Number of protein chains: 2
Amino acid sequence: MSGLSQTLTRAEQRCQQQGGRMTTQRKQVLALLLSQAGPQSAYQLLAQFKHQYQANAQPPTIYRALDFLVQQGLAHRLSSTNQYLACGHITCQHDHQGTLFLLCDTCGGVQETPLLKGAVSQLQQQLGREGFQVQHEPLLEIHGRCASCAVA
Amino acid sequence: MSGLSQTLTRAEQRCQQQGGRMTTQRKQVLALLLSQAGPQSAYQLLAQFKHQYQANAQPPTIYRALDFLVQQGLAHRLSSTNQYLACGHITCQHDHQGTLFLLCDTCGGVQETPLLKGAVSQLQQQLGREGFQVQHEPLLEIHGRCASCAVA
DNA sequence: TTTGAAATGTTATAACATAACAATTTCATG
DNA sequence: CATGAAATTGTTATGTTATAACATTTCAAA
Ligand SMILES: [Zn+2]
Ligand SMILES: [Zn+2]
Ligand SMILES: [Zn+2]
Ligand SMILES: [Zn+2]
């Protein structure tokens with residue numbers, strides 16, 4: 001568990017490697033994502049951004065920053081809930097071949113885990129069977145109930 | 001490949017078995033879904049519905065019908081594209097344990113296939129490891145390029 | 001220091017979805 | 001058949017998510 005500033009530094013390094021420019025604004029949005037436990041909507045982020053950084057900010061400001069962060073692999077978009085979160089693997093190697101998001105419908109939390117090799121190869125088998133070519137790492141979202149919520 | 005009316009009849013049977021009421025309106029929306037090759041947005045469906053069935057229909061009409069059809073397992077919602085399509089397995093047994101949607105980013109088409117046992121069990125392993133309990137069949141959406149588009 | 005690409009600011013609007021309440025239909029029961 | 005509760009549909013309004021379009025500023029390379 002690295003601290004926030006360490007993570008931001010690491011994120012900046014990743015951007016440089018990938019030819020992305022980590023501006024102040026983008027870093028602020030990433031910091032907002034990192035400072036929250038769970039995933040957030042773009043408009044929730046906008047509200048926080050206005051409160052903490054720039055009172056007159058507009059939606060495009062947030063959406064542009066999020067698009068950039070997603071492109072750089074520093075954040076993810078959850079399409080099943082229209083939410084965004086910081087990648088849970090900014091400070092580790094993150095060289096997996098797909099990501100599995102476990103979305104708890106009870107508490108709203110998300111667990112991000114790399115897709116295990118076995119699952120990847122099974123899915124690849126299915127894709128090959130259909131002649132389907134994947135361009136980006138698949139992001140799979142599964143809804144259910146997390147371990148904490150299952151206890152209660 | 002069953003005909004449209006056969007499929008609608010089968011859908012009606014499924015509703016009865018499951019305690020759902022297949023009304024005229026709902027059948028009309030399902031017919032629209034079935035008459036199209038690819039997935040469609042709710043507002044595209046609304047436009048067609050207005051044109052073919054009821055000129056003054058409003059969004060809730062379509063969304064309610066879609067909600068019903070999805071509940072009954074006769075249609076699916078693609079959360080990554082905000083689109084809807086008829087289930088490709090209305091006339092077959094459809095007792096699979098999950099569905100994989102292959103979304104072609106080039107032509108916009110979708111291939112719906114049951115998740116193979118191997119993939120299901122690999123995913124279950126990962127879920128178990130996290131103590132995560134799934135409530136409904138997972139619907140997985142993977143983007144890429146379909147076989148037809150790969151040729152061109 | 002020019003200069004052009006990238007980023008940001010700003011206004012407006014498009015696209016997706018649901019809340020709330022009224023009216024109607026359905027259907028089991030008396 | 002009468003009738004009332006539940007489900008469906010009609011209708012208006014609004015909430016939520018996302019982007020188009022164009023002006024302005026920033027920034028790094030030539
Ligand atoms: Zn990640
Ligand atoms: Zn939970
Ligand atoms: Zn299906
Ligand atoms: Zn295609």
Side-chain angles (χ1 to χ4, degrees), chain A residues 11-12 15-33 38-50 52-72 74-85 103 108 141, chain B residues 11-12 15-16 18-33 38-50 52-72 74-85 103 105 108 141:
Chain A
E12 211 158 1
C15 284
Q16 283 176 351
Q17 287 169 15
Q18 298 164 349
R21 200 187 295 174
M22 177 59 97
T23 63
T24 303
Q25 207 173 67
R26 290 164 172 175
K27 210 181 297 185
Q28 288 168 340
V29 172
L30 179 55
L32 286 176
L33 287 173
Q40 301 162 85
S41 78
Y43 277 76
Q44 286 177 321
L45 289 163
L46 175 58
Q48 293 172 52
F49 187 83
K50 289 168 78 163
Q52 289 201 34
Y53 299 114
Q54 201 180 133
N56 60 333
Q58 300 300 319
T61 295
I62 296 302
Y63 280 102
R64 285 163 177 164
L66 289 172
D67 287 349
F68 171 83
L69 294 171
V70 168
Q71 267 190 342
Q72 298 291 314
L74 299 170
H76 299 295
R77 176 170 190 272
L78 300 173
S79 66
S80 65
T81 58
N82 297 321
Q83 289 177 312
Y84 301 81
L85 40 42
L103 294 87
E141 303 176 26
Chain B
E12 210 157 3
C15 284
Q16 283 176 352
Q18 297 164 350
R21 201 186 293 174
M22 178 59 96
T23 63
T24 303
Q25 206 171 69
R26 289 164 173 174
K27 209 181 296 184
Q28 288 169 340
V29 172
L30 179 54
L32 285 178
L33 287 173
Q40 301 162 86
S41 78
Y43 277 75
Q44 285 177 319
L45 289 163
L46 175 58
Q48 294 172 51
F49 187 84
K50 288 168 78 165
Q52 289 201 32
Y53 299 115
Q54 202 180 130
N56 61 333
Q58 300 300 319
T61 296
I62 296 301
Y63 279 104
R64 285 164 176 163
L66 289 172
D67 286 349
F68 172 83
L69 294 171
V70 167
Q71 267 191 343
Q72 298 290 315
L74 300 171
H76 300 294
R77 176 170 190 273
L78 300 173
S79 67
S80 65
T81 57
N82 298 320
Q83 289 176 313
Y84 300 82
L85 41 40
L103 293 87
D105 292 327
E141 303 175 28

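Below, chain A is the first sequence line, B the second, and so on; all start at residue 1. The structure presented is a predicted model; accordingly, all values stated were derived computationally and were not measured.
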With sugar-phosphate meaning primed atoms plus P, OP1 and OP2, does B:F68 contact a base, only sugar-phosphate, or nothing at under 4.0 Å between heavy atoms? nothing

Take B:Q54 and A:R64, find for each the nucleotide of DNA chain D with the closest heavy atom, and name the residue whose nucleotide sits nearer the 5' end. B:Q54

Distance-minimising heavy-atom pair for B:E141 and B:L103: CB-CD1, 3.8 Å

Would you say the side chain of B:L69 lies within less than 4.5 Å of the side chain of B:M22, judging by non-hydrogen atoms? yes

Side chain to side chain contact (heavy atoms under 4.5 Å, CB included) partner of B:Y53, the single match among B:T24, B:V29, B:L32: B:L32

Test item: side-chain donor near acceptor, A:Q48 and A:Q40, under 3.5 Å: yes

Non-hydrogen atoms of A:K50 and A:A57 that approach each other most closely: CD-O, 3.8 Å

Check B:S79 against A:S80 and note the closest heavy-atom contact, atom names and distance. OG-CA, 3.5 Å

More 5' along DNA chain D: B:N82 or B:G20, using each one's nearest nucleotide? B:G20

Does the side-chain ring of B:Y43 sit on the six-membered ring of the C:dC16 base, less than 5.5 Å centre to centre and under 30° in tilt? yes

Value in whole Å for how far the P atom of C:dA17 lies from CD of A:Q83: 15 Å

Keeping B:R26 on the side-chain end and B:R21 on the backbone end, is there a donor-acceptor pair under 3.5 Å? yes

Which angle, rounded to 10°, do you find between the first-five-pair axis and the last-five-pair axis of the helix from C:dT1-D:dA30 to C:dG30-D:dC1? 20°

For B:R21, which contact category applies under a 4.0 Å heavy-atom criterion: base, sugar-phosphate, or nothing? sugar-phosphate

Minimal non-hydrogen separation, A:P39 against A:Q44, with atom names: O-OE1, 4.5 Å

Side-chain heavy-atom pair B:R77, B:N82 within 4.5 angstrom cut-off: yes

Strictly distance-based, threshold 3.5 Å: is any side-chain N or O of B:Q58 a donor or acceptor partner for the main-chain N or O of B:N56? yes

Here the pair of heavy atoms bringing A:L33 nearest to A:Y84 is CD2-O, 3.8 Å

Separation of C:dA17 P from B:Q44 CD (nearest whole Å): 12 Å

Counting only non-hydrogen atoms, which of residues 22-31 of chain B are less than 4.0 Å from DNA chain C? none

Chain A contact limits on DNA chain D, taken 5' to 3' with a cut-off of 4.0 angstrom to heavy atoms: D:dT17 to D:dC27

